Amino acid sequence: MKPVFYREKWELLKLDPNSIALKSLAHRIASSFVDRYFYSDEYNESYVEMICDMATVFDDPLLNQIAAKTFFSLIVERLCDDFAEPQTKTYNRLICQVSGILRRLPSGRALNEGLNSFHLHTDEQLYQRIESMRLSPDAPLPGDLQPKKILILSRVTIGADVAVTSVICQRMIQSFPSAEIVVVGNIKLRQIFCPESGIRIHELHYARHGGLVERFSVWLDLLRDVRCELVGLEQNEYLVLDPDSRLTQLGVLPLVPDRNYRFFNSRGKQGYPAKGSISELTNAWLDNILGKSEFAYPSVHVHESLLKAARELRQRLDPVGNHKFITLNFGVGGNMRKRVPGDFESRMVVSLLRDPEVIVLLDMGFGEEELGRSEIVLKAAREAGIRTNTLAFVDLGTADPDARLVGVECSVGEIAALIAHSEEFIGYDSACQHIGAALGVRTFTVFAGTSNARFIRRWHACGPNLSEILYVDTLSREHDIDAEELIARLRDLRYPL
């Protein structure tokens with residue numbers, strides 16, 4: 001439908017808004033933008049202007065968040081998940097247009113002042129900056145650069161920080177052993193990068209579910225914190241690395257002079273491995289800017305206290321040491337397309353436990369939906385005659401020593417500790433597959449929710465041990481999925497244990 005039609009609908013709805021109608025109209029406008037773009041490469045600014053208006057005009061932030069969520073889920077994610085050059089270019093154009101709209105609002109005054117401080121006064125100037133970085137070869141670091149401090153931006157999600165950020169940290173420690181390595185991101189990163197890792201976490205929160213202004217304004221917080229971290233350092237004494245971070249809207253928003261900044265275009269660049277994982281691409285980028293090749297697998301560093309608790313659980317459940325431990329996580333981060341529908345999870349767990357030498361540790365997950373699915377798995381196991389036990393990680397010392405399926409309520413660091421003391425990890429495409437591979441544990445990922453081969457290749461787990469995927473077509477064959485066939489394929493992948 002033409003923008004003028006939706007504009008009329010929006011002007012009427014603006015006078016008497018309700019959340020249901022707002023969600024419907026925002027979805028239709030965003031989908032129309034994507035429809036026109038995919039059909040004929042048309043970039044229609046009017047659709048974007050309406051979405052921005054819907055995401056900023058109300059005094060009630062909850063009403064603004066409806067269109068903001070739609071903008072990111074239906075437009076941004078579709079452009080970024082394809083890992084293709086045309087979509088990357090369009091994403092950059094989109095974010096520059098949105099930045100221009102926001103900076104002209106009263107609530108965007110600080111955003112405007114921040115961009116002006118980099119002499120970026122127009123959408124076009126911002127666009128030319130990011131496109132120049134995207135299209136130019138990766139520039140080697142200056143020969144006189146001797147950084148005392150290296151700031152590395154978080155990718156915001158734990159899985160991406162394991163697959164990408166941890167690789168950057170290792171390579172920087174190898175190349176500049178005397179530099180302080182600082183990762184800017186969520187406090188949860190401390191659970192996988194404990195102090196013994198040599199990495200300091202500078203806490204900065206990104207509002208993944210906030211409004212449009214809030215999500216862009218995090219750049220102002222980041223800019224302030226970066227400038228504070230760099231106080232007292234000379235031009236050749238610091239380096240800022242941006243691994244396509246949401247904190248800068250994937251590199252669109254600047255932080256420091258280009259000489260001290262390097263941007264990793266993780267969505268692809270000429271010369272990067274065409275079929276490589278995101279971790280392999282990260283290494284290729286680092287080879288280019290460092291001028292040397294030293295491949296680093298992803299890594300995590302879990303607190304020793306958590307590892308000790310997991311180790312003691314294993315000894316409690318298997319004092320003789322003749323069992324194999326498999327840790328499972330069925331979390332999908334709220335993206336239900338990533339899970340296999342039906343009773344696949346329960347059947348798989350019961351199938352694993354038919355082997356008398358196997359003990360399964362099940363991450364109970366987070367939130368009502370994930371906890372509910374875990375309870376279904378536990379119930380199915382009990383009905384199959386398998387002894388189960390459910391407890392919090394802090395109570396591992398009270399685990400039933402005769403249980404063969406143990407459901408554990410745990411945090412990111414705690415599930416990492418359980419995986420570290422297992423022979424295998426099995427789960428959906430999530431942070432845990434990257435944690436498992438990084439820990440050198442045999443990792444099997446049930447990859448559903450996409451038919452994009454490039455996306456799967458980019459995000460498959462990378463580690464020193466075996467890492468395999470089990471692809472499931474939940475998009476076109478949702479009602480034809482044979483759970484037993486999937487379990488048999490998984491059994492084939494796992495053989496021999």
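Keep in mind that the numbers below use all heavy atoms, side chains included, and drop hydrogens, waters and symmetry copies. Everything quoted here is computed from the prediction, not taken from an experiment.
Taking 4.5 Å as the limit, some side-chain heavy atom of Trp459 sits within range of a side-chain heavy atom of His434. At a threshold of 4.5 Å between non-hydrogen side-chain atoms, the residues Asp221 and Leu204 count as touching. Side-chain contact between Trp10 and Leu22: present, with at least one pair of heavy atoms (C-beta onward) separated by less than 4.5 Å. At least one side-chain heavy atom of Leu189 sits under 4.5 Å from a side-chain heavy atom of Ile158. Using a 4.5 Å heavy-atom cutoff, the side chains of Gln191 and His303 are not in contact. Considering only heavy atoms from C-beta on, Phe393 comes within 4.5 Å of Leu306 through its side chain. Counting heavy atoms from C-beta on, the side chains of Ile487 and Arg347 come closer than 4.5 Å. Leu153 places a side-chain heavy atom less than 4.5 Å from the side chain of Thr248.
Ser132 contributes no side-chain N or O that, together with a main-chain N or O of Gln128, makes up a donor-acceptor pair within less than 3.5 Å. Ser245 places a side-chain N or O within donor-acceptor distance of the main-chain N or O of Leu247, the cut-off being under 3.5 Å. For the pair Thr474 (side chain) and Gly449 (backbone), a donor-acceptor distance under 3.5 Å is present. At least one donor-acceptor pair closer than 3.5 Å links the side chain of Gln125 to the backbone N or O of His121. Using modelled atom types, no side-chain atom of Ser154 and backbone atom of Gly185 make a donor-acceptor pair closer than 3.5 Å. Looking only at distances, no side-chain donor or acceptor of Ser467 sits under 3.5 Å from a matching main-chain atom of Gly463.
Scanning both residues, Ala437 and Thr443, for their nearest heavy atoms gives N-OG1, 3.2 Å. Pairing each heavy atom of Met133 with each of Gly251, the nearest pair is CE-O, 3.7 Å. Taking every heavy atom of both residues into account, Pro273 and Ala284 meet most closely at CD-CB, 3.8 Å. Across all non-hydrogen atoms, the minimal contact from Leu378 to Gly407 is CD2-N, 4.3 Å. In terms of heavy atoms, Tyr206 sits closest to Val218 at CD1-CG1, 3.5 Å. The two atoms that bring Leu120 and Asn116 nearest to each other are O-OD1, 3.7 Å, heavy atoms only.
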Checking side-chain contact (heavy atoms from CB on, under 4.5 Å) for the pair Ser107/Thr56: CA distance, chi angles, key distance, verdict? CA-CA 9 Å; Ser107 57; Thr56 57; 5.7 Å; no

Before you tell me yes or no, could you show the steps for Leu126 and Leu115 under side-chain contact (heavy atoms from CB on, under 4.5 Å), namely the whole-Å CA-CA distance, both residues' side-chain angles and the distance that decides it to 0.1 Å? CA-CA 9 Å; Leu126 195 61; Leu115 290 172; 4.1 Å; yes

Applying side chain to side chain donor-acceptor pair (under 3.5 Å) to Glu229 and His202, what does each step give before you reach the verdict? CA-CA 9 Å; Glu229 285 279 358; His202 179 114; 2.7 Å; yes

Given Cys96 and Val252, is the side-chain contact (heavy atoms from CB on, under 4.5 Å) satisfied, shown in steps? CA-CA 7 Å; Cys96 291; Val252 171; 3.9 Å; yes

Go through the steps to decide whether Phe216 and Gln249 satisfy the test side-chain contact (heavy atoms from CB on, under 4.5 Å), and finish with yes or no. CA-CA 8 Å; Phe216 275 72; Gln249 297 302 328; 4.0 Å; yes

List the steps, then state whether side chain to side chain donor-acceptor pair (under 3.5 Å) holds for Glu424 with Thr327. CA-CA 6 Å; Glu424 288 185 30; Thr327 296; over 6 Å; no

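When Leu79, Asp81, Asn92, Leu94 are each tested for a side-chain contact (heavy atoms from CB on, under 4.5 Å) with Gln87, only one passes: Leu79. A side-chain contact (heavy atoms from CB on, under 4.5 Å) with Ile426 is found for one member of Asn329, Ile326, Val360 and no other, namely Ile326. Test Lys338, Arg337, Arg458 against Asp429 for salt bridge (charged side-chain N to carboxylate O under 4.0 Å, His left out) and you get one pass: Lys338. Of the residues Asp138, Asn283, Thr282, Asn265, the one that meets the side chain to side chain donor-acceptor pair (under 3.5 Å) test with Tyr272 is Asp138. Under the side-chain contact (heavy atoms from CB on, under 4.5 Å) rule, Leu151 has a single partner from Leu230, Asn260, Val256, Leu241, which is Leu230.
More than 12 non-hydrogen atoms from other residues, nucleotides or ligands lie less than 6.0 angstrom from CZ of Arg224. Counting non-hydrogen atoms of neighbouring residues, nucleotides and ligands closer than 6.0 angstrom, the NE2 atom of His27 reaches no more than 12 such neighbours. Counting heavy atoms of neighbouring residues, nucleotides and ligands inside a 6.0 Å radius, atom CZ of Phe58 exceeds 12 of them. More than 12 heavy atoms of other residues, nucleotides or ligands lie within 6.0 Å of CD in Glu485, so this atom counts as buried by the packing criterion. Remark: Leu62 CG is packed, more than 12 non-hydrogen atoms of other residues, nucleotides or ligands lying under 6.0 Å away.
A cation-pi arrangement is not found for Arg129 relative to Phe263, the charged atom failing to lie both closer than 6.0 Å to the ring centre and inside a 45° cone about the ring normal. The cationic atom of Arg215 (NZ for Lys, CZ for Arg) lies less than 6.0 Å from the six-membered ring centre of Phe72 and within 45° of the ring axis. Within the cation-pi definition used here (under 6.0 Å to the ring centroid, within 45° of the axis), Arg339 does not qualify as a partner of Phe344.
Atom-to-atom distance recorded for Arg7:CZ and Glu49:CD is 7.0 Å, nearest 0.5 angstrom. The CD1 atom of Ile152 lies 3.5 Å from the SG atom of Cys169; values are rounded to the nearest 0.5 Å. Atom CG of residue Leu405 and atom OG of residue Ser374 lie 9.5 Å apart, to the nearest 0.5 angstrom. We find the SG-CD distance between Cys52 and Gln97 to be 6.5 Å, quoted to the nearest 0.5 Å. Atom CD1 of residue Ile192 and atom OG of residue Ser411 lie 11.0 Å apart, to the nearest 0.5 angstrom. From Ile51, atom CD1 reaches atom CE of Met54 across 5.5 Å, with rounding to the nearest 0.5 Å.
Arg489 and Glu484 are not joined by a salt bridge, as no carboxylate oxygen comes within less than 4.0 angstrom of a charged side-chain nitrogen. Taking a cutoff of 4.0 Å between a charged side-chain nitrogen and a carboxylate oxygen, Asp242 and Arg262 do not qualify as a salt bridge. Glu345 has a carboxylate O that lies under 4.0 Å from a charged side-chain N of Arg373, or vice versa, which qualifies the two as a salt bridge. A salt bridge links Glu85 with Arg134: the distance from a Lys NZ or Arg NE/NH1/NH2 to an Asp or Glu carboxylate oxygen falls below 4.0 Å. Between Asp53 and Lys14 there is a salt bridge, since a side-chain N of the basic residue sits under 4.0 Å from a carboxylate O of the acidic one. Ionic pairing of Glu113 and Arg109 is not present here: no N-O contact between side-chain nitrogen and carboxylate oxygen is shorter than 4.0 angstrom. Under the 4.0 Å criterion applied to side-chain N and carboxylate O atoms, Arg155 and Asp161 are not assigned as salt-bridge partners.
Ring-plane geometry between Tyr428 and Phe330 is classed as tilted, the angle between the planes lying from 30 to 60 degrees on a 0 to 90 degree scale. Using cut-offs of 30° and 60° on the angle between ring planes, the pair Phe33 and Tyr43 is perpendicular.
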